[in-house]
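Contents: one structure, followed by commentary.
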Amino acid sequence: MAKLNRSFYTRPDVLQVAKDLLGCKIVTKLQGKITTGLIVDTEAYAGINDRASHAYNNKRTPRTEIMYGQGGVAYVYQIYGLHFLLNIITNKPGIPQGVMLRAIQPLEGIDVMLERRGKLRLDYSLTNGPGTLTKALGITKNELGQDVLGNRIWVEPREIVLDDSDIVETTRVGIDYAGDDAYLPYRFYIKDNPWRSKGKGLSV
DNA sequence: ATTGAGATTATT
DNA sequence: ATAATCTCAATC
């Protein structure tokens with residue numbers, strides 16, 4: 001199956017990339033196992049002018065450096081010492097923007113995902129948060145900097161029809177520290193899809 | 001060298 | 001409501 005190409009990710013409008021990723025299929029081939037899921041919930045982080053972004057104010061640190069590289073690369077970081085969150089970097093080198101995956105709908109390799117999550121039965125909690133979907137897909141900091149056009153992680157094009165009326169725009173989750181930018185409509189999810197992230201914080 | 005908080009989750 | 005748990009970044 002085809003992979004989304006580099007130019008999909010290097011587009012200048014990170015909001016458009018976040019929307020266009022909805023309905024696409026993310027695939028990981030890790031530990032010799034393939035797992036896939038439909039992307040149903042994303043958030044855009046708009047770089048140096050976005051107070052919610054790790055790269056706000058052009059902040060360059062060892063952690064954020066990857067965001068300044070080329071688009072189509074995985075930015076994985078650990079939060080609360082417990083969970084790994086997956087972003088795909090967008091735009092061209094020097095412009096640190098990216099899209100975080102908040103939730104997926106499991107498609108293939110569900111048995112593997114259940115095992116990685118320590119669950120016995122399939123329910124929404126398998127992959128309905130940014131930290132749970134990475135665990136199900138086997139993504140850890142090992143994948144930091146991986147090319148999303150490589151053979152470990154990639155995304156395949158949307159095969160379902162989605163128009164704007166199928167996409168809900170709302171505020172991002174868990175970024176109260178971002179002041180007014182917490183109210184920007186930079187989160188997108190597929191309307192009526194039950195696999196979307198519940199989230200806490202300021203979501204409408 | 002020290003400290004404080006975090007793009008969360010699961011449990012009480 | 002809160003514990004879990006640790007890396008990173010800012011400050012001293």
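We name chains A, B, ... by the order of the sequence lines, and we start the count at 1 in each one.
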- Using atom C1' of each nucleotide, how far apart are C:dT2 and B:dA5 to the nearest Å? 16 Å

What's [X] touching, base or sugar-phosphate or nothing? Going by heavy atoms closer than 4.0 Å.
X: A:Q78; value: sugar-phosphate
X: A:S125; value: nothing
X: A:L82; value: base
X: A:R60; value: nothing

Distance, rounded to the nearest Å, where [X] contributes [atom1] and [N] contributes [atom2]:
X: A:F84; N: B:dG6; atom1: CZ; atom2: C1'; answer: 14 Å
X: A:I66; N: C:dT7; atom1: CD1; atom2: P; answer: 19 Å
X: A:E65; N: C:dA9; atom1: CD; atom2: P; answer: 10 Å
X: A:K135; N: C:dA4; atom1: NZ; atom2: C1'; answer: 12 Å
X: A:Y177; N: C:dA10; atom1: OH; atom2: P; answer: 13 Å
X: A:Y80; N: B:dT11; atom1: OH; atom2: P; answer: 18 Å
X: A:Y183; N: B:dA7; atom1: OH; atom2: P; answer: 17 Å
X: A:H54; N: B:dA5; atom1: NE2; atom2: C1'; answer: 11 Å

- If you group Ile, Leu, Val, Met, Phe, Trp and Tyr whenever their side-chain heavy atoms sit less than 4.5 Å apart, what else falls in with A:V27? A:I34, A:W154

- Would you name the heavy atoms of A:L120 and A:L114 that are closest together and state the gap between them? O-CD1, 4.1 Å

- Given A:R187, which of A:M100, A:R102, A:E169 fulfils the side chain to side chain contact (heavy atoms under 4.5 Å, CB included) condition? A:R102

- Single hit among A:D180, A:L184, A:D181 for side chain to side chain contact (heavy atoms under 4.5 Å, CB included) with A:R51: A:D181

- Can you tell me the Watson-Crick or wobble partner of C:dC12, both distances under 3.5 angstrom? none

- Task: Return the nucleotide paired to C:dT5: Watson-Crick means purine N1 to pyrimidine N3 with N6-O4 or O6-N4, wobble means G-U with N1-O2 and O6-N3, both under 3.5 Å.
- Result: none

Using only side-chain N and O atoms of [X], determine if any of them is under 4.0 Å from OP1 or OP2 of [N].
X: A:Y75; N: B:dA7; result: no
X: A:T61; N: C:dC8; result: no
X: A:K141; N: C:dT7; result: no
X: A:R63; N: C:dA9; result: yes

- Task: Check the geometry between A:Y45 and B:dA7 and answer yes if their rings are stacked (centres below 5.5 Å, planes below 30°), otherwise no.
- Result: yes

- Message: With a 4.0 Å cut-off on N to O distance, would you call A:E156 and A:K3 a salt bridge?
- Response: no

- Is the charged tip of A:R196 near the ring of A:Y189: under 6.0 Å from the six-membered ring centre and within 45° of its axis? yes

- Task: Would you indicate which nucleotide in B:dT9, C:dA10, B:dA7 comes nearest to any side-chain atom of A:M67?
- Result: B:dA7

- Query: From the list B:dT9, C:dA9, B:dA7, which nucleotide is the closest neighbour of the side chain of A:P62?
  - Reply: C:dA9

- Query: Which comes earlier along DNA chain C counting from the 5' end, the contact point of A:T64 or that of A:I79, where each point is its nearest nucleotide?
  - Reply: A:I79

